[in-house]
Undergrad: 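Handing you this structure, nothing more for now.
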Amino acid sequence: MHNTLTGNKEKLETLEPGKCGIYCCGPTVYDYTHLGNARAAVVPDLLVRFLRHQGYEVKYVRNVTDIDDKIIARSAEQGVEPAELAVRFTDAYHQDMSSLNTLDPDVEPRVSDTIDEIIDLVATLMDKGLAYDVDGDVYFRVTKFKGYGKLSKRSVDEMLEAAGSRIDVDERKETPLDFALWKAAKPGEPSWTSPWGEGRPGWHIECSAMSAKHLGDNFDIHGGGRDLIFPHHENEIAQSQGAHGEDTYARTWVHNGFINFAGEKMSKSLGNFFTTRELTAIFPPETLRYYLMTVHYRSGLNFDLEVTCPACHAVMDKEQQESAVCGSCGHETTAEILKKQVRFPSLEDADDRLAYIYSTLAAAGRFLETAKASASEVIVEGPVAEMLPAFVAHMANDLNSSGALGVLSKPLSEINTLLASGKGVNKDLRYATIAYFVTSMKEVAEILGCFGKDASEWLVQRRDMKAGRVGLDVTRVDELLVQRISARQEKDWTAADRIRDELAELGVTVQDDPTGSVWAFL
RNA sequence: GGCGGCAUAGCCAAGUGGCUAAGGCAACGGUCUGCAAAAUCGUCAUCCCCAGUUCGACUCUGGGUGCCGCCUCCA
């Protein structure tokens, strides 16, 4: 794994051989999740799945931050209690992540359940002279912790010089870099009793407390989004090592890259993002998961989208979108209509590819049900036989899911060829190869959390989902299909072609094979 | 301004100090098909620029250019 702390790719050596403790920064529950949140959950999920596949006993801890400035602010806007808001979005988070087939963490601590441990940790830091209190706030004394900056590769001196240039500094702090461990309660805010008065935890202390509680002072891997490196994770290190000693805390730091939204940073404050549930209303959730895995987890990911004019279908740029006037044909529309015109080319690609993989699996499944099993032992060789080891090797190399997925291509086409025709191939070998492929793909599916559904059902669901969304009259399609099948049986090609044109007008294409016809979207 | 990252075909995206630089999409040409579609086969890049290290670099070093992120809440 690539370790942010050292900047190098390192062989993973866990504290206890065969076991691995992972802490991952989970969500702050104040809104629905977006693709970036999804990536931050899918990446550690992939890691956990892979390590388990490799035989590790993994303890996976992912927290929920349910006490936070943003939650308080949002609940004030909506006129609900912060705790109520937090519960609502915690539930939504669970639904979204479960739709993406992420495994539940083994422990999911909440800040509100960890207050005692947080207070103890702050008290320890006070005792050691690493923290001080001012008017009920407690701050970490950054200049007293000599390793500060080692994760984000910043120097305290340089940061001190730059401090104050961008934001006003709280004069009560000893140095501008000092950060809050405990915040005095303001009227109406949720608060807990502490030695420093009524208050609540600062932003960073929770993770130090929760990881120590569930994984110990030392553990193997800490994960999160790249943006958390500074200040969040840097501060966690300062707190935890300040309290527990220099050689403690996470050994390997794993950070996933950001998702850029149409070239611009995906940001809630800009408002131009799509939530996970908006996207899973359009595409099967597994498509999102698959899409996230087509790019290496440390890379930035450009989530491209396209807005086309409802009248002339020309692509509209940002300016045209804002004015809601098409630059090509001059058509005037509204933002509401334009929102429905948004297309996601990269998700469409991912969706098609996933459908190809499932179609192959479905066909392979049908073959294995009807064909005669191998009578004799045959040795499977070639791409299908090499697939799984090559796949695993890529995954072992810093979780290279993109490289790993590339390995599947040759076997898939080999299988499709074998399914289409057994010409020149030994019957037993044909069966054995297809069976071997299906078995291998089951393991791939376990690691990826993809391709694991019943293939035929998945394809039907995907089709129905789209039919429902675009308002396709499936009954009508089926009628036409029946008519066309009989026309073809009578070799009435003109009628068959006419019906095919009608289907095309409905947005549907037909695929004929010797046994009949099926339809799909154009 | 400080720190970090990235720059591979029309697009997306892996990868390596030296064998044919994965894979996908698109395109083009075959096979299959009544014709199609699907499937399948084939074609399609010398790796941002300039120096250097090396027997040899796209891969290492230095410089340049461009893009992005963090430094403030953010996955």
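Residue numbers begin at 1 in each chain, while the letters A, B, ... track the order of the sequences.
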Undergrad: Kindly say if A/Asn416 contacts the phosphate of B/U40, meaning a side-chain N or O under 4.0 Å from OP1 or OP2.
TA: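 The answer is yes; a side-chain N or O of A/Asn416 sits under 4.0 Å from OP1 or OP2.
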
Undergrad: Ignoring the backbone of A/Ala496, work out which of B/G34, B/A14, B/A75 is nearest its side chain.
TA: B/G34

Undergrad: Is there a Watson-Crick or G-U wobble partner for B/U20 with both distances under 3.5 Å, and if so, which one is it?
TA: none

Undergrad: At less than 4.0 Å, is any side-chain N or O atom of A/Ser299 found next to OP1 or OP2 of B/A14? Yes or no.
TA: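 Checking B/A14 against A/Ser299, a side-chain N or O does come within under 4.0 Å of OP1 or OP2.
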
Undergrad: Just compare B/C68, B/A75, B/A14 and give me whichever is closest to any side-chain atom of A/Phe258.
TA: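 Side chain of A/Phe258 sits closest to B/A75.
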
Undergrad: Ignoring hydrogens and angles, does a donor from either the side chain of A/Asp497 or the base of B/G34 sit under 3.5 Å from an acceptor on the other?
TA: yes

Undergrad: Write down the partner of B/G62 under the Watson-Crick or G-U wobble criteria, each distance required to be under 3.5 Å.
TA: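 Across any shown strand, B/G62 pairs with B/C50.
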
Undergrad: If you pin A/Arg488 and A/Ser152 to their nearest nucleotides in RNA chain B, which one's is more 5'?
TA: A/Ser152

Undergrad: Measure NE2/A/His255 against C1'/B/C71 and give the value in whole Å, please.
TA: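 Nearest whole value for this atom pair: 15 Å.
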
Undergrad: Quick check on RNA chain B: between A/Leu412 and A/Gly224, whose nearest nucleotide comes earlier from the 5' end?
TA: A/Leu412

Undergrad: Just N and O in the side chain of A/Tyr297: are any of them under 4.0 Å from OP1 or OP2 of B/A14?
TA: no

Undergrad: Which one, B/G23, B/G34, B/A75, comes nearest to the side chain of A/Arg353?
TA: B/G23

Undergrad: So which nucleotide from B/C41, B/G23, B/G34 ends up closest to the side chain of A/Ser413?
TA: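 The closest nucleotide is B/C41.
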
Undergrad: Under a 3.5 Å limit for both distances, which nucleotide forms a Watson-Crick or G-U wobble pair with B/C32, could you say?
TA: none

Undergrad: If you check every side-chain atom of A/Arg484, which of B/C68, B/G34, B/A75 has the closest atom?
TA: B/G34

Undergrad: Once you apply a heavy-atom cut-off of 4.0 Å, does A/Arg62 come out as touching a base, just sugar-phosphate, or nothing?
TA: nothing

Undergrad: Counting Watson-Crick and G-U wobble pairs only, both distances under 3.5 Å, name the nucleotide matched with B/C67, or none.
TA: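 Matched B/C67 with B/G5 under the 3.5 Å cut-off.
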
Undergrad: Measure from the side chain of A/Gln511, starting at C-beta and using heavy atoms only, and say which of B/A37, B/G24, B/A75 lies closest.
TA: B/A37

Undergrad: Please check the phosphate of B/C25 (OP1 and OP2 only) for any side-chain N or O of A/Ser346 closer than 4.0 Å.
TA: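 Indeed not, no polar side-chain atom of A/Ser346 lies that close.
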
Undergrad: Side chain of A/Ser402, heavy atoms from C-beta onward: which of B/G34, B/A75, B/A22 has the nearest atom to it?
TA: B/A22

Undergrad: Classify A/Arg298 by what it touches in the nucleic acid, base, sugar-phosphate, or nothing, heavy-atom distance under 4.0 Å.
TA: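 The residue A/Arg298 makes no contact with any strand.
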
Undergrad: Ignoring hydrogens and geometry beyond distance, is the side chain of A/Arg500 in donor-acceptor contact with the base of B/A36 at under 3.5 Å?
TA: yes

Undergrad: With respect to the side chain of A/Lys153, which nucleotide from B/G24, B/C3, B/A38 is positioned closest?
TA: B/C3

Undergrad: Taking the side chain of A/Tyr356 as its heavy atoms from C-beta onward, which of B/C68, B/A37, B/U40 lies nearest to it?
TA: B/U40

Undergrad: Of the nucleotides B/C25, B/U40, B/A75, which has the atom closest to the A/Asn37 side chain?
TA: B/A75

Undergrad: Which whole-number value in Å describes the distance from A/Ile229 CD1 to B/G69 P?
TA: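 It is 15 Å, rounded to the nearest whole Å.
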
Undergrad: So what does A/Leu228 hit on the nucleic acid, given a heavy-atom distance under 4.0 Å: a base, only sugar-phosphate, or nothing?
TA: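 Result for A/Leu228 = sugar-phosphate.
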
Undergrad: Pairs of donor and acceptor atoms involving the side chains of residues 403-423 of chain A, under 3.5 Å and at least two apart or interchain, shall be tabulated with distances.
TA:
unit_1: A/Ser409; atom_1: OG; unit_2: A/Arg353; atom_2: NH2; d: 3.0
unit_1: A/Ser413; atom_1: OG; unit_2: A/Ser409; atom_2: O; d: 3.4
unit_1: A/Ser413; atom_1: OG; unit_2: A/Lys410; atom_2: O; d: 3.1
unit_1: A/Asn416; atom_1: ND2; unit_2: A/Tyr356; atom_2: OH; d: 3.4
unit_1: A/Asn416; atom_1: ND2; unit_2: A/Thr360; atom_2: OG1; d: 3.1
unit_1: A/Asn416; atom_1: ND2; unit_2: A/Leu412; atom_2: O; d: 3.3
unit_1: A/Thr417; atom_1: OG1; unit_2: A/Ser413; atom_2: O; d: 2.9
unit_1: A/Ser421; atom_1: OG; unit_2: A/Lys423; atom_2: N; d: 3.0

Undergrad: How close or far is atom P of B/A22 from atom CG of A/Asn400, stated in whole angstroms?
TA: 15 Å

Undergrad: Taking B/C60 as the reference, what is the distance to B/C47 when you measure between their P atoms (whole Å, please)?
TA: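 These two P atoms come out 15 Å apart once rounded.
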
Undergrad: Starting at atom OH of A/Tyr290, determine the distance to atom C1' of B/C12, rounded to an integer number of angstrom.
TA: 11 Å

Undergrad: Sort out the partner of B/C25 for me: Watson-Crick or G-U wobble, both distances under 3.5 Å, none otherwise.
TA: B/G10

Undergrad: Need one value for A/Asp512: base, sugar-phosphate or nothing, where a base atom within 4.0 Å counts as base even if backbone is also close, heavy atoms only.
TA: base

